Amino acid sequence: MKISKQAASLVRPNQFKVLKLDSGIDSSPTSVGTFCSNSGSIRKLLFEEITKLDDALNMFDEMTQRQPLPSVVKFTRLLQAVTKMEHYSCSIDLFKQMVAIGVPVDVYTTTIVIKCFCQMSCTNEAYGFKRGVVPNVITFSMLLSGLILEDRILEVERLFKKLIREELCEPDVVVYNTMIKGICKFGSNNTYIGLLRLMDERGCKPNVFTYSTIIDSLCKDKMVDDALKLFNEMTLHKGILPNVVTYSSLIRGLCNLGRWDEVCKMLKEMEEKRIYPNAVTFSTLLNGLVIEDRIFEVERLFKKLIREEICEPNVVMYSIMIKGLCKFSNNDAAIDLLRLMDERGCKPNVFTYSTIIDSLCKDSMVDDALKLFNEMILDKGILPNVVNYSSLISGLCKLGCWDEVSKMLGEMEDEGISLDVPIFNILVDSFCKEGIVEDAEAVMNIMVKRGNDPDVVTYTSLLYRYCKNINITKAMHMFDEITEKVWNRM
DNA sequence: CTAGGGTTAG
């Protein structure tokens with residue numbers, strides 16, 4: 001199947017001009033907010049739920065006109081509301097207006113704005129935003145989690161050490177928990193022990209969040225037995241009561257390993273302790289069943305949740321159900337469910353769409369995938385990310401639509417979506433399969449240059465190709481390179 | 001009385 005030019009043109013940024021509306025924004029729930037016609041960037045295309053955000057903005061306007069001005073507390077509440085709606089750049093804007101009209105912003109207000117910058121992966125800008133207020137432990141915890149979000153682990157460590165060394169603030173349990181989360185994200189799985197010790201030395205008691213964070217991380221790395229050990233330490237020795245989060249993490253770890261007997265044991269334990277499973281617990285269970293291809297049980301549980309009104313499915317649950325349907329190549333049913341969730345008032349998100357888009361691409365239905373991709377961006381106002389593009393590019397590569405692939409890559413650049421290791425790997429692998437080894441090697445060189453270290457997937461694609469080409473010299477050379485790398489890590 | 005900590009996709 002050759003992708004039609006028409007479908008490809010649908011994703012070109014200049015197509016968005018079609019959507020430019022008259023300046024009057026109507027009352028429909030999704031309207032185009034701002035639109036910058038000369039840049040043509042998706043990021044400028046802010047679709048938003050006008051109703052709620054508009055309410056907040058109107059209230060803000062009204063507040064700014066009052067004489068005397070309302071207290072900073074009232075403004076802060078509003079700022080927090082907008083932030084909770086995840087309109088981060090909007091919050092920043094409001095903050096700037098507050099400063100301009102002379103609202104005496106304080107550490108509370110500033111911390112919210114710093115959070116906004118951090119959430120937008122602009123931690124650097126957050127840094128310079130202290131504006132004369134003295135940052136406190138909460139401000140620093142926000143900065144730390146911002147750095148963690150951006151994978152800047154070295155700076156996380158540096159800042160944390162600085163806090164203690166220069167006595168900028170005494171880390172509290174939340175800061176330690178944040179640090180543990182960061183260390184678990186990058187370090188080997190035992191590095192958390194050092195932080196637990198430090199907490200102990202400095203007289204900060206770990207709480208249920210501390211243990212849940214570690215347990216969660218261990219479960220993610222399939223080290224469920226270690227997690228269970230820690231669970232015992234927490235409950236039996238430290239006397240910390242587990243909560244639904246702790247149990248959900250353990251259940252997830254056990255589900256992923258197919259240890260269903262123990263899952264049932266956990267559920268029974270929860271019942272005894274009157275800790276009620278919530279939406280996260282149920283989505284964990286559904287996901288576990290989907291992983292094991294137990295599609296009928298998935299359906300049964302899902303229907304039971306709705307019928308007995310145990311839990312109204314949320315976007316994560318629907319997304320998991322859709323994943324289940326896609327796994328069985330039932331793309332049509334998946335799309336039906338996508339429509340149904342929307343009707344039931346549950347908005348699909350980028351995960352939901354990317355599941356179906358990926359499945360369509362894997363089934364070589366890239367045209368349909370592109371249609372959905374456009375629906376996601378244009379109708380739903382959801383910003384695409386690197387995962388969406390990787391599915392589409394992978395599908396296009398498989399079909400040999402190289403022009404469309406480069407078009408997509410250009411589009412990503414326009415949108416400021418940077419390539420990551422998995423998408424580089426798709427390109428390397430595709431070039432290898434196509435027999436254009438030079439291009440594959442060129443991509444790998446770019447990876448190295450950009451600091452996206454080639455991984456086992458990258459090397460496997462190339463090694464396989466070298467062997468197939470009977471290019472033993474190159475294969476051996478690469479093998480040496482890998483060996484050296486492994487030694488350096490140890 | 002206003003700021004910080006768990007689930008889903010390549």
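Predicted, not measured: the structure shown is a model, and the values here were computed from it. What's counted below: heavy atoms across the whole structure, side chains too, no hydrogens, waters or symmetry copies.
Contact annotation: side chain of A:S390 to base of B:dG10, donor-acceptor pair present below 3.5 Å. Taking 3.5 Å as the limit, the base of B:dA3 and the side chain of A:N136 contain a donor-acceptor pair of atoms between them. Residue A:N388 places no side-chain atom within donor-acceptor reach of the base of B:dG10, judged by atom type and a 3.5 Å distance cut-off alone. You'll find a donor-acceptor pair under 3.5 Å spanning the side chain of A:S354 and the base of B:dA9, going by distance alone.
Between B:dG4, B:dT2, B:dG10, one nucleotide has an atom nearer to the side chain of A:I138 than all others, and that is B:dG4. Among the nucleotides B:dG10, B:dG5, B:dA3, the one closest to any side-chain atom of A:P422 is B:dG10. The side chain of A:V316 has B:dT7 as its nearest neighbour among B:dA3, B:dT7, B:dG4. The side chain of A:R77 has B:dC1 as its nearest neighbour among B:dG6, B:dC1, B:dA3. Checking B:dA3, B:dG4, B:dA9 against the side-chain heavy atoms of A:V107 singles out B:dA3 as nearest. Proximity note for A:V175 (side chain, C-beta onward) versus B:dA9, B:dG4, B:dT7: the nearest is B:dG4. Of the candidates B:dG6, B:dG10, B:dG5, the closest approach to any side-chain atom of A:N177 belongs to B:dG5.
The interatomic distance linking A:Y389 (OH) with B:dG10 (C1') rounds to 14 Å, in whole Å. If you take CD of A:Q80 and C1' of B:dC1, they are 14 Å apart, rounded to a whole angstrom. Atom CG of A:D429 and atom C1' of B:dG10 are 13 Å apart (whole Å). B:dA9 atom P lies 20 Å from atom CD1 of A:I393, rounded to whole Å. Counting to the nearest Å, the C1' atom of B:dA9 and the CG atom of A:D358 are 7 Å from each other. The interatomic distance linking A:I417 (CD1) with B:dA9 (P) rounds to 19 Å, in whole Å. In this structure, A:D106 atom CG and B:dT2 atom C1' are separated by 8 Å, rounded to whole Å. Rounded to whole angstrom, the span from the CD1 atom of A:I180 across to the P atom of B:dG5 amounts to 15 Å.
At the heavy-atom level, A:K323 lies under 4.0 Å from the strands shown only through sugar-phosphate atoms. If you check every strand for non-hydrogen atoms under 4.0 Å, A:S248 touches a base. Counting non-hydrogen atoms under 4.0 angstrom, A:N207 reaches a base of the nucleic acid. Within the nucleic acid shown, A:S141 comes within 4.0 Å of at least one base atom, counting heavy atoms only. Using a 4.0 Å heavy-atom distance criterion, A:D420 is classed as a base contact. Residue A:V72 is classed as having no contact, given no heavy-atom separation below 4.0 Å to the nucleic acid. Base engagement by A:S283 is indicated by at least one non-hydrogen atom pair under 4.0 Å involving a base atom.
By the 4.0 Å N-to-carboxylate-O rule, A:R339 lies close enough to A:E375 to be salt-bridged with it. Note on A:D200 versus A:K205: no salt bridge recorded, every NZ/NE/NH1/NH2 to OD/OE distance being 4.0 Å or above. A salt bridge links A:E299 and A:K303; the closest N-O separation between the charged side-chain nitrogens and carboxylate oxygens is under 4.0 Å. Salt bridge A:D225/A:K229: absent, no basic N to carboxylate O contact under 4.0 Å. The residues A:R259 and A:E262 are annotated as salt-bridged, a charged nitrogen and a carboxylate oxygen being separated by less than 4.0 angstrom.
Residue A:K220 places none of its side-chain N or O atoms closer than 4.0 Å to OP1 or OP2 of B:dG6.
Ring geometry for A:F160 against A:Y176 counts as perpendicular: the plane angle is over 60°, on a 0 to 90° scale with 30° as the lower cut.
By the 5.5 Å and 30° criteria, A:F209 is stacked with the base of B:dG5.
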Go through A:T83 and A:S91 one step at a time and tell me if the side-chain hydrogen bond (donor to acceptor under 3.5 Å, both in side chains) criterion holds. CA-CA 6 Å; A:T83 306; A:S91 294; 3.0 Å; yes
